[in-house]
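Can you keep this structure in mind? I'll have questions shortly.
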Amino acid sequence: MIRNLVRFAGWRYVRQKPVRALLTVIGVALGVALFVAISAINDSTLDFFRDNVNSMSGKASFTVLGSEVGFAEETVEVVRTVPGVQSAVPMIENRARHVGGKTVIVFGIDLLQDSAVRSYQTEGSADVIEDPLEFLNQEDSIIVTKAFAAHHGLEVESPIDLLTALGQKRFVVRGLLEPSGAAKAYGGGIAIMDIDGARVMFGKEGKVDRIDVIPEPDVDEDALAARIQAAVGSGLRVERKENQTEALSRMVQGYQGILAFCSLLALLIGMFLVANTIAVAVADRRRDIAVLRALGASRGGILSMFVIEAAWMGLLGGALGVLLGRGLAELLVERVSASMTRQYVTPIDVSEIHFAASQAVTGVIAGMVAATLAALWPAWQATRVQGAEAFGAGPAGDRPVAKSTRRAMIFRLAGVAMLAALGLLASSGASHPALDVLKPVLGAVGAMLAAPMFVALGLRGLDRLLHPRGPLGRLHIMRLACQNLLRHPSRTGGNVLSLMIGLMLVIVMAVIQFSFKTSIGDWNSRTLRSDLWVSSIGRVLTLDVQPLSESLAADIEQVPGVDIADGKGARGFRIVHHVHDGRQIVLKAWERQHPRIGNAMFDVIDRPVDQACSQLFDPRTQGVFVSQNFALHFGKQTGGTLELETPSGKQRFQILGTIVDYGSPEGTLVLSRDLYKRLWRDPLVTGFSVEVHIGFTHEAVRDAIDARLGQRGLVATMNRELRVQFGEVMDESFGYTKAIEIAALGVGLLALLSTLLMSLLTRMRELGMLRAIGMSRQQLARMILGEAILLGAFGGGAAAALGIYIAKLWVVSSLASSLGWFVRVHIPWLSVATTIGTGLVVGIVVGLLCARRVAALEIRVALETS
Amino acid sequence: MHLLETQGLRKTYQQGKHGVEVLRGIDVTVEKGEFVAVVGPSGSGKTTFMQLVGGLDRPTAGSVRLSGESIETFSDARLSAFRRRKLGFVFQFFHLLPTLSAEENVCLPLLLDGASFAKVAPMAAELLERVGLGHRKDHRPDQLSGGEMQRVAIARALIANPVLVLADEPTGNLDTKTGKLVLELFRDTVKERGQTVIMVTHDPRAAALADRVIALRDGVVETDEPGLAKS
């Protein structure tokens with residue numbers, strides 16, 4: 001029976017309404033596309049980490065790792081002498097900027113030993129690697145990958161300028177690497193040079209960045225790892241490949257979670273669309289269903305007919321969504337990786353999407369399951385149609401105003417309770433991974449359940465104003481529109497909801513973005529006070545610069561207009577990553593600033609800044625400032641102490657103050673550069689802060705520095721320019737969200753169109769009656785447009801209210817615990833207004849489409865509609 | 001001049017590739033103040049006749065002159081305004097707006113015409129009083145019985161003081177006793193206001209209250225005789 005019902009009733013109807021079916025398939029496809037794209041990007045990011053670790057580690061079983069500044073090269077010998085170690089191969093790993101091109105990761109390798117761990121296949125000049133001595137004899141030798149060479153128009157013997165710690169240096173390409181082995185790391189953006197040359201060029205004399213260890217055959221690897229760990233001390237980490245991948249994956253978990261949540265919301269909107277379409281079909285085919293029931297179709301048969309119809313649309317939408325998702329992933333991947341790179345200040349260059357067959361299958365199944373689930377409720381409603389309805393049209397237009405049923409009330413109150421619970425959870429400051437998952441779920445589900453109630457309240461208020469005796473009593477058409485919406489609060493709530501979810505997503509993202517931008521912008525204004533910042537070419541804000549030798553300070557001080565105070569004109573600062581308790585934090589080492597700047601650049605929040613700074617720069621005190629997120633993640637506070645592993649061994653630091661800092665999601669430590677240099681044995685600087693002497697303009701001194709040091713790869717940036725750079729960085733960080741917003745809005749528009757059409761279909765006779773008693777086409781169109789505008793306005797309004805509420809809670813609590821950012825809430829009122837305006841525009845577009853259709857209504861046909 | 005005059009009124013509906021001729025040349029005149037019943041079996045064309053006369057549909061051929069105006073030539077906007085000002089409709093299923101009170105439902109045609117509620121409300125109150133629902137003017141349709149709803153619909157049809165009231169099976173959805181009471185009220189009200197009514201029905205008892213009974217069969221006038229009320 002079910003097969004025949006689907007074949008003779010369901011399928012025929014779908015064929016009659018191809019546009020409606022197509023819109024639904026597109027809606028599901030958009031939801032699935034976003035779901036698949038985000039899932040593919042997230043998986044590809046993890047693949048990127050895995051491939052990188054595998055390419056870098058080669059045949060090694062373990063890798064000894066330290067902090068970004070490297071560790072003593074003597075450690076190599078220490079590791080080699082551990083019983084069970086067959087070979088231990090050192091490497092220097094440095095991110096260098098190619099002048100006029102992309103960043104390249106330069107591996108400084110020991111040519112005589114590295115082949116024990118990693119393989120390199122060269123093209124053209126194979127003898128370079130095979131004859132290391134020849135390579136070593138030429139100090140400017142470098143080998144790049146074929147991909148990098150192709151991208152930058154390089155070939156063997158081409159010169160290539162890289163920024164080094166000593167400024168800009170020219171190298172010569174001696175060979176091209178095939179994309180295999182270590183050359184696959186970082187998407188092929190690597191170059192190889194001799195380890196000793198690399199040490200000199202990148203200021204890492206006497207250091208290594210990693211040691212890859214190959215154990216002797218049949219050695220107990222766990223025991224060996226423990227022995228190596230004991231030998232190198234607790235300041236270094238002995239990690240297996242999988243641990244390295246896991247650590248990187250953990251780092252981006254929170255970020256990926258938010259992306260996944262956004263994609264699930266889009267899928268949810270797609271489900272709304274399916275539910276609406278099936279509801280429209282049920283309303284449209286009510287008489288047919290009654291006839292089928294009268295002819296003996298069972299309730300189960302009717303239910304199956306609609307569910308199978310939805311499942312088919314889900315299947316098609318899912319398949320289309322997988323194709324779209326793949327394209328969307330390709331489109332978004334670069335922006336998402338750029339955003340993660342900024343967020344975690346770690347090179348994440350996912351240039352390739354690994355799209356597995358399992359992802360395609362998951363996407364199609366997600367579409368089918370979502371559509372089937374969404375169809376259940378309207379399909380069940382269809383089973384309630386009685387066969388008796390086939391015998392007559394029955395009264396229409398006199399259906400009572402739908403009362404809030406007990407069930408609907410329970411749902412709505414549950415929604416309010418969820419939102420209240422979310423508020424309580426957020427204000428309590430409770431933090432737990434399970435709560436971090438629970439909070440957005442509470443917010444989204446609560447908003448969905450409670451929305452019809454808020455909308456009904458709003459409409460009732462409006463209805464009072466529009467009452468014939470009210471202040472807007474002459475707007476009769478608008479009142480009719482308002483009352484039509486009030487008549488079915490659940491349906492109206494559903495209509496609003498479909499639009500609201502899309503707009504809410506946009507508002508949540510806008511609030512989060514704006515809060516970030518404003519908080520960090522304000523913080524930058526408070527802390528980045530120097531007139532000029534000198535660094536290697538690149539973006540100092542994102543640490544996308546080559547660390548420099550501190551000796552360059554003397555060259556800068558020679559430039560006329562550089563203000564010398566306390567014997568200094570250029571004050572070096574160093575910003576590096578450091579692993580503390582398995583988490584990657586940031587260390588910021590500052591020199592005492594120019595008197596004009598003073599201590600104001602340190603945003604200490606829990607004690608007088610001068611007092612805290614005098615201790616920080618006191619050579620007798622071994623102390624640090626901790627950022628708010630560091631204090632949260634590691635349970636520390638001002639007045640306490642902190643133990644850090646340094647290249648000089650484990651050291652205890654006093655916590656001298658808590659500061660606002662956005663250097664790292666895990667936490668930032670600030671210390672004096674003298675202390676840092678001594679304990680980390682790192683004389684490099686990330687850049688210099690420079691003050692301009694009175695009587696000189698910032699532009700003039702900047703130009704003078706550029707003229708004198710530009711050829712050496714240095715660049716001076718004015719404070720004003722730094723702020724522009726900041727804006728660019730923020731835009732890049734959130735660039736990917738635009739596509740998500742557009743997809744969500746698209747699905748919302750389709751959903752509203754579908755739901756409004758449904759509401760019109762169910763009251764055709766009433767519309768016919770209005771026309772009969774004299775309502776003109778124009779008035780009818782205005783009424784429908786009015787309904788759509790009200791839906792759009794309420795969708796936008798509810799999205800604004802709930803979006804701001806949820807975003808606020810997220811910013812205050814979840815962002816701190818899941819992403820590690822303490823951000824103050826700033827509401828982008830212009831964006832909120834734009835979003836509400838977008839809701840209105842969507843409403844108007846949908847209203848015009850529906851109004852056009854309804855205006856063409858034949859009165860006679862409408863009056864005869866069942 | 002006749003209040004209503006149809007000449008050669010024809011209507012053909014397209015069903016697939018075939019045309020179905022529902023009206024095949026109707027020539028009828030109705031004078032002011034007449035209460036006319038149009039009767040006939042299913043498919044005789046009586047509802048189509050009423051829809052053409054009421055400007056709800058356009059004839060395939062022929063003309064409908066109402067108050068001296070050929071309404072089949074009107075634009076849609078003019079026809080809508082004409083229906084608001086000159087015509088009243090009473091439907092079998094009442095077709096009241098469920099969200100509006102009885103009073104607001106009665107006012108609706110004039111409100112759509114741009115009148116203010118303050119100006120229209122006293123007229124609606126008077127009409128509701130006349131149909132015996134003065135005390136229920138603030139009730140919504142779901143708070144009224146079937147007979148009461150039809151009385152509200154009658155008041156709505158009369159609010160604009162139309163030249164012609166068209167009623168489509170006004171008692172078709174009421175029980176016999178209520179139907180009789182409502183119909184008598186309807187007839188008495190229009191009579192005392194001097195209004196003209198064309199009522200489509202297949203209920204002989206309803207037709208018995210008319211001044212004149214026009215019987216249609218297969219799209220043509222079969223008989224046109226004085227009703228029992230007249231005789």
Side-chain angles (χ1 to χ4, degrees), chain A residues 392-403 459-460 463 466-470 472-489 763 765-783 855-866, chain B residues 11 13 47-48 51-52 54-58 75-89 91-101 103-105 107-118 120-121 140-144 146 149 153 156-157 159-160 162 166 168 173:
Chain A
D398 52 354
R399 196 181 304 166
V401 175
K403 297 239 185 323
L459 280 172
R460 283 208 182 96
D463 186 48
L466 292 169
H467 189 274
R469 294 190 178 90
L472 303 174
R474 287 193 74 91
L475 302 175
H476 308 303
I477 300 290
M478 199 49 150
R479 177 155 191 248
L480 286 177
C482 181
Q483 295 225 322
N484 285 335
L485 298 178
L486 262 176
R487 204 154 119 202
H488 297 287
R763 52 195 170 100
R765 262 213 288 179
E766 186 181 299
L767 298 175
M769 178 277 290
L770 284 169
R771 289 279 286 129
I773 66 167
M775 186 180 253
S776 65
R777 282 187 202 279
Q778 207 184 17
Q779 285 176 318
L780 191 65
R782 264 172 34 213
M783 185 180 81
L857 191 72
E858 277 188 60
I859 303 171
R860 178 185 58 80
V861 175
L863 285 170
E864 286 167 5
T865 309
S866 65
Chain B
K11 181 68 186 177
Y13 290 118
T47 299
T48 304
Q51 286 170 342
L52 295 182
L56 302 180
D57 204 353
R58 291 178 191 275
S75 68
D76 186 79
R78 193 171 167 200
L79 204 51
S80 297
F82 188 83
R83 284 198 300 269
R84 285 198 298 268
R85 294 165 195 164
K86 302 279 177 77
L87 296 174
F89 285 90
F91 302 97
Q92 179 182 353
F93 296 117
F94 330 132
H95 288 335
L96 299 178
L97 283 191
T99 54
L100 302 184
S101 67
E103 184 185 36
E104 289 165 354
N105 263 297
C107 292
L108 194 58
L110 291 180
L111 294 179
L112 291 174
D113 205 36
S116 75
F117 184 74
V120 180
R140 283 198 312 257
D142 61 314
Q143 296 162 323
L144 302 174
M149 279 197 271
R156 181 180 66 188
I159 185 81
L166 295 158
D168 181 16
N173 204 38

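Throughout, protein chains are lettered first and strands after them, A, B, ... in sequence-line order, and every chain is numbered starting at 1. Below, each value reflects all heavy atoms present in this structure, side chains not excepted, and no hydrogens, waters or symmetry copies. Keep in mind the model is a prediction, meaning the values are calculated, not measured.
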*asked:* Please report the interatomic distance CZ(B:Arg78) to OG(A:Ser776), rounded to the nearest 0.5 Å.
replied: 15.0 Å
*Atom of A:Ile859, atom of B:Arg83 and distance for their closest heavy-atom approach*: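 Answer, listing the atom of A:Ile859 first, then B:Arg83: CD1-NH2, 3.4 Å.
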_Using 0.5 Å steps for rounding, measure from the CE atom of A:Met775 to the CG atom of B:Asp113._
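Interatomic distance, A:Met775 CE to B:Asp113 CG, rounded to 0.5 Å: 12.0 Å.
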*Residue B:Leu100 versus chain A: region with a heavy atom under 4.5 Å*: both
_Nearest-0.5 Å distance, CD1 of residue A:Ile773 to CG of residue B:Leu110_ =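 Going from CD1 on A:Ile773 over to CG on B:Leu110, the span is 10.0 Å.
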*Could you tell me which portion of B:Arg156 (side chain, backbone, both or neither) has an atom closer than 4.5 angstrom to a non-hydrogen atom of chain A?*
side chain
*Against chain A, label B:Leu87 side chain, backbone, both or neither, depending on which of its atoms sit under 4.5 Å from a heavy atom there.*
neither
*Given the rule in the side chain to side chain contact (heavy atoms under 4.5 Å, CB included) test, do B:Leu111 and A:Ile477 qualify, once you have shown the distances and angles that lead to the verdict?*
CA-CA 9 Å; B:Leu111 294 179; A:Ile477 300 290; over 6 Å; no
*Non-hydrogen atoms of chain B under 4.5 Å away: do they reach the side chain of A:Arg479, the backbone, both or neither?*
side chain
*If you look at every heavy atom in A:Ala772 and B:Phe89, which pair is closest and at what distance?*
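Smallest interatomic distance, heavy atoms only, reads O-CE1, 3.0 Å.
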*Decide yes or no for A:Met769 and B:Leu97: does some side-chain heavy atom of the first lie under 4.5 Å from some side-chain heavy atom of the second?*
yes
*Against chain A, label B:Ala115 side chain, backbone, both or neither, depending on which of its atoms sit under 4.5 Å from a heavy atom there.*
backbone
*chain A heavy atoms under 4.5 Å from B:Glu104: which part of the residue, side chain, backbone, both or neither?*
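Side chain of B:Glu104 only, per the 4.5 Å heavy-atom cut-off to chain A.
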_Straight-line distance of A:His467 NE2 to B:Ser101 OG, nearest 0.5 Å_ =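 These two atoms lie 6.0 Å from each other.
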*How about B:Ser80 and A:Gln778: do any of their side-chain heavy atoms sit closer than 4.5 Å?*
no
*Looking only at non-hydrogen atoms, find the nearest pair between A:Arg771 and B:Asp76 and report the distance.*
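The answer is NH2-OD1, 2.8 Å.
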